[in-house]
Amino acid sequence: MAKGKVVIVGAGPGGLSSGMLLASRGFQVDIFEKEPVLGGRNAPLQMGDYKFDTGPTFFMMKFILDQVFLDTKRKAEDYLEFTSLDPMYRLQFEDREINVSSNPEKMQEEIDKLFPGNRETVTKFLSREKKRLQKLLPCLQRDYSKWNDLLSPEVLQLLPRLSLGRSLFDVLGDYFNDEKLKLAFTFQAKYLGMSPWECPGAFAIIPFIEHNYGIYHIKGGLNQISQAMGKIVEEEGGKIHLSTPVKKIISSNGKAQGIELEDGSRVEADKVIINADFAYAMNELMDPGTLRKYSPEKIARKKFSCSTFMLYLGLDKEYEINHHNIIFARDYKTNVENIFKNLRLTEDMSVYIQNPTINDSTLAPKGHSALYILVPIANQKAGVNWDENQVKEYRAQVLATIKNKTQLKDLEEHIVVEKAITPLNWEKEYNVYRGATFNLGHNLSQMLYFRPRNRFEELENCFLVGGGTNPGSGLPTIYESGRISSKLICSDFKQPYQI
Ligand SMILES: Cc1cc2nc3c(=O)[nH]c(=O)nc-3n(C[C@H](O)[C@H](O)[C@H](O)COP(=O)(O)OP(=O)(O)OC[C@H]3O[C@@H](n4cnc5c(N)ncnc54)[C@H](O)[C@@H]3O)c2cc1C
């Protein structure tokens, strides 16, 4: 017999991970998703014979996904085909390129070749970050419902390792003098949509995680994770209602009671989980006057990530470049300042190009390729008018940058299908507040106890999952948000989480 009824708003990675965990524990789970496809920013994007990931392409910390599957008594490999990438990625500067490998010998050879004399320092950096991750990981896997959760032994042990008051770039300065080497271990701040000069130093764990555990491609794209999770929700008796937008959360006397759909029908539930973008949901899905801590005015004062300009190109030609390529701006620091401080679009941009067809023949016809291009830019706070002309102009600048800086000289002649996504599209079509694709920033004032909590403090029986909530905005932390909320709901029903 079902233990309790749970409705989930949104079938993104957060909603799906909590959905599969709760359905496999006997809860009656109903997920309501506004789009006709599963996955949210992790949905597949199909154009003709070409397949793309909409958002995430770097898959790290596979052990967390493995655990989520194991928590439903399943093996991730029974649903997904993983390929470990070596090199993990190629970093291209004006004067040199670095092939970054998680194989220590290969990495050391690359460091000796490009940055002689730095081998020991790299080893020292990675071993120190290993210790930091050991302390930080348990803090990213727990709930912070009460203020004294901050005094838990895990958090107290973490404090000396938080590098308080120091940015990622400062921390790397303790190890490396060479600017490019520092960038090779700090550009990862962009995964959080942050500047390395502002991102907390504790995130030096990210390069360690890459080097220690590697990064993976999944056959068919990372969107297949969401598809697999949706399958498990249904195998466990849960229901997914696609093309069913939610209009609001129904609440009374500070308690969530269910949801109202756009068509006016109401669905009652014991627990409501919100997976839609946190800041969007606070502003759009709550009755006016319900919120104090997260009122629209207070949300507007929070710090948000940058946005991205995306181009997805289906091409009738194969290209040899690596799976993941990061092309740095000539003046990277100014480029970063233009994104985060000056809120300006400039021609000297950094570009990420994914060429997954070299490892995955399912994404494009033989002899063709499906290129994914991402340019970090300011979010909608910049006030850019993303009309047709602006899109055309910026697209041309992005393609010109790629032509000038890479071996991809003839892209325009081979485009069969294409699509652009701008900050405005993220905001209006994907319901992402300010088009800030990586959600709330990860400043320490917006982390752990200070990040929107999984047990939502403003409404009883309401839970938060997804990138804008604890613990953070990448896929592994989003899956953890699903686990934390599921554990909290089990405990409310006095049911052990373990099955
Ligand atoms: C371009 C890009 C690149 C990224 N790259 C990486 C990467 O390489 N690695 C990584 O780990 N992470 C990456 N991320 C970050 C993160 O992993 C993804 O954004 C992830 O999809 C966020 O998951 P989520 O569950 O928080 O929200 P979402 O994926 O946004 O899911 C929320 C869901 O709620 C639905 N919804 C919204 N409003 C309503 C409503 N009113 N009614 C019903 N449904 C609604 C949406 O349609 C969506 O399906 C990237 C993100 C982007 C955008």
Side-chain angles (χ1 to χ4, degrees), residues 7-19 31-43 45 52-62 64-65 89 188 190-193 206 209-210 215-218 221-223 225-226 229-230 240-249 259-262 273-281 283-286 305-312 324 352 354 372-377 379 421-423 425-433 435-440 452 464-469 472-479 481-482:
V7 296
I8 303 179
V9 182
L16 291 164
S17 59
S18 51
I31 305 184
F32 294 87
E33 166 57 50
K34 74 180 181 69
E35 292 297 316
V37 280
L38 284 181
R41 281 168 265 185
N42 179 227
L45 183 62
F52 305 83
D53 275 315
T54 306
T57 54
F58 269 63
F59 184 60
M60 285 183 260
M61 299 174 95
K62 175 175 176 294
I64 290 184
L65 184 73
Y89 43 81
Q188 292 84 351
K190 286 277 181 67
Y191 300 170
L192 307 171
I206 302 181
I209 288 168
E210 292 177 341
I215 61 176
Y216 292 85
H217 174 69
I218 291 168
L222 267 52
N223 61 80
I225 308 177
S226 284
M229 288 184 163
I240 301 177
H241 310 262
L242 294 175
S243 306
T244 311
V246 173
K247 190 167 163 198
K248 67 170 196 166
I249 310 296
I259 55 172
E260 183 180 322
L261 303 178
E262 277 296 344
I273 299 181
I274 303 178
N275 174 221
D277 180 70
F278 167 74
Y280 151 84
N283 283 345
E284 306 294 335
L285 300 183
M286 299 291 177
S305 78
C306 67
S307 189
T308 55
F309 178 86
M310 314 289 303
L311 279 179
Y312 307 89
H324 296 302
Y352 159 63
Q354 188 213 22
Y372 164 124
I373 297 163
L374 178 158
V375 186
I377 53 171
N379 66 35
I421 295 185
T422 71
N425 302 125
W426 287 124
E427 183 180 46
K428 300 290 179 210
E429 292 159 34
Y430 290 82
N431 286 356
V432 175
Y433 182 75
T437 39
F438 308 98
N439 299 93
L440 268 184
L464 305 178
V465 295
T469 73
S473 81
L475 286 176
T477 44
I478 291 171
Y479 301 141
S481 73

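Counting convention: from 1, in listed order, for ligands and their atoms alike.
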Would you name the heavy atoms of Gln354 and His324 that are closest together and state the gap between them? CG-ND1, 4.0 Å

Report yes or no: does Arg41 contribute a side-chain atom to a donor-acceptor pair with the main-chain N or O of Thr437 at less than 3.5 Å? yes

Considering Asn431, Leu261, Ile225 one by one, which has a heavy atom nearer to atom 38 (N) of ligand 1 than any of the others? Asn431

When only distance counts, is Phe438 in polar contact with ligand 1, meaning an N/O pair under 3.5 Å? no

So does Asn42 get a backbone contact from the side chain of Asn223, meaning a donor-acceptor N/O pair under 3.5 Å? no

Around atom 18 (C) of ligand 1, find the nearest protein heavy atom and jot down its residue, atom name and distance. Pro56 CG, 3.7 Å

For ligand 1, which atoms, with element, lie under 4.0 Å from some heavy atom of Ser473? 15 (C), 16 (C), 17 (O)

Interatomic distance, OG@Ser243 vs CD@Glu35, rounded to 0.5 Å, equals 7.5 Å

Which is closest to atom 44 (N) of ligand 1 in terms of heavy atoms, Glu429, Lys34, His324, Lys190? Lys34

Which atom names give the shortest non-hydrogen contact between Met229 and Pro13, and what distance separates them? SD-O, 4.4 Å

Does any N or O atom in Gly40 lie less than 3.5 angstrom from one in ligand 1, N or O only? yes

Within a distance under 4.0 Å of any heavy atom of Ile478, pick out the atoms of ligand 1 and give their elements. 16 (C), 17 (O), 20 (C), 22 (C), 23 (O), 25 (O), 26 (O)

Within the 4.0 Å heavy-atom cut-off, what Tyr372 brings close to ligand 1 is side chain

What do we get for Phe59 next to ligand 1 when only non-hydrogen atoms under 4.0 Å count, side chain, backbone, both or neither? neither

Are any of the N/O atoms in Asn275 less than 3.5 Å from those in ligand 1? yes

With sequence neighbours left out, the residues meeting side-chain contact (heavy atoms from CB on, under 4.5 Å) with Leu261 are Phe32, Thr244, Val246, Ile259, Asp263, Ser265, Val267

Would you check the N or O atoms of Arg41, main chain and side chain alike, for any that come under 3.5 Å of an N or O of ligand 1? yes

Name of the residue among Leu464, Ile31, Val465 meeting side-chain contact (heavy atoms from CB on, under 4.5 Å) with Asn275: Val465

Tell me, which protein residue and heavy-atom name are nearest atom 34 (O) of ligand 1, and how many Å apart are they? Gly10 CA, 3.3 Å

Residue and atom name of the nearest protein heavy atom (relative to atom 47 (O) of ligand 1), distance in Å to one decimal: Glu33 OE2, 2.7 Å

If we only count N/O pairs under 3.5 Å, is Pro245 in contact with ligand 1? no

With sequence neighbours excluded, tell me which residues meet ring-ring contact (aromatic ring centres under 6.0 Å, His included) with Tyr430. Trp426

Is the distance between the ring centroids of Phe59 and His217 less than 6.0 Å? no

Please list, in number order, the atoms of ligand 1 under 4.0 Å from a heavy atom of Leu475. 10 (C), 11 (O), 12 (N), 17 (O)

Atoms of ligand 1 close to Trp426 [distance to a heavy atom under 4.0 angstrom, numbered from 1]: 1 (C), 53 (C)

Could you pull out the closest heavy-atom pair between Ala276 and Leu285, with the gap in Å? CB-CD1, 4.4 Å

How about Tyr312 and Phe52: are their ring centres within less than 6.0 Å of each other? yes

Would you say Thr244 has any N or O atom under 3.5 Å from an N or O of ligand 1, going by distance alone? no

Ignoring hydrogens and geometry, is there a side-chain-to-backbone donor-acceptor pair from Ser481 to Gly466 under 3.5 Å? yes

Reported CG-to-CG distance for the pair Leu374 and Leu311, which is rounded to 0.5 angstrom: 10.0 Å

Tell me: protein heavy atom nearest atom 26 (O) of ligand 1, and distance? Gly467 N, 2.7 Å

Quick one: does Phe309 get a heavy atom under 4.0 Å from ligand 1? no

Separation of Glu33 CD from Leu242 CG (nearest 0.5 Å): 6.5 Å

Measure up the Tyr352 and Tyr372 rings against each other and bin them: parallel (under 30°), tilted (30 to 60°), perpendicular (over 60°). perpendicular

Show me which atoms of ligand 1 lie under 4.0 Å from any heavy atom of Gly474. 11 (O), 12 (N)

My understanding is that we take every heavy atom of each candidate and find the minimum distance to atom 9 (N) of ligand 1. Doing that for Tyr191, Phe58, Tyr352, which one comes out nearest? Phe58

Determine whether the aromatic ring centres of residues Phe58 and Tyr191 are separated by less than 6.0 angstrom. yes

What protein heavy atom lies closest to atom 36 (N) of ligand 1? Include the residue and the distance to one decimal. Ala276 CB, 4.0 Å

Looking at Lys247 and Glu262, is any side-chain nitrogen of the basic one under 4.0 Å from a carboxylate oxygen of the acidic one? no

Numbering as shown, the atoms of ligand 1 that approach Gly14 to under 4.0 Å (heavy-atom distance): 25 (O)

Tell me the contacting part of Met310 for ligand 1: side chain, backbone, both, or neither, using a 4.0 Å heavy-atom threshold, strictly below. side chain

Can you name the atoms of ligand 1, numbered from 1 with element, that are less than 4.0 Å from a heavy atom of Gly39? 29 (O)

Out of Gly12, Ala43, Gly55, who is nearest to atom 3 (C) of ligand 1 when you count heavy atoms only? Gly55

Give the atoms of ligand 1, by number and element, whose distance to some non-hydrogen atom of Phe32 is under 4.0 Å. 43 (C), 44 (N)

Would one find an N or O of Glu35, backbone or side chain, under 3.5 Å from an N or O of ligand 1? no

Heavy-atom distance to atom 42 (N) of ligand 1: which of Val246, Ile31, Asn439, Val9 wins? Val246

dist Thr308:OG1 -> Asn425:CG (nearest 0.5 Å) comes out at 10.0 Å

Between Asn42 and ligand 1, find which residue part has any heavy-atom pair under 4.0 Å and reply side chain, backbone, both or neither. both

Is there a polar contact between ligand 1 and Asp277, counting only N or O atoms under 3.5 Å apart? no

among protein heavy atoms, the one nearest atom 23 (O) of ligand 1 is Pro13 CD, 3.3 Å

Quick check for you: to the nearest 0.5 Å, what is the distance between Ile209 atom CD1 and Lys62 atom NZ? 15.5 Å

Does any N or O of ligand 1 fall below 3.5 Å from an N or O anywhere on Thr57, backbone included? yes

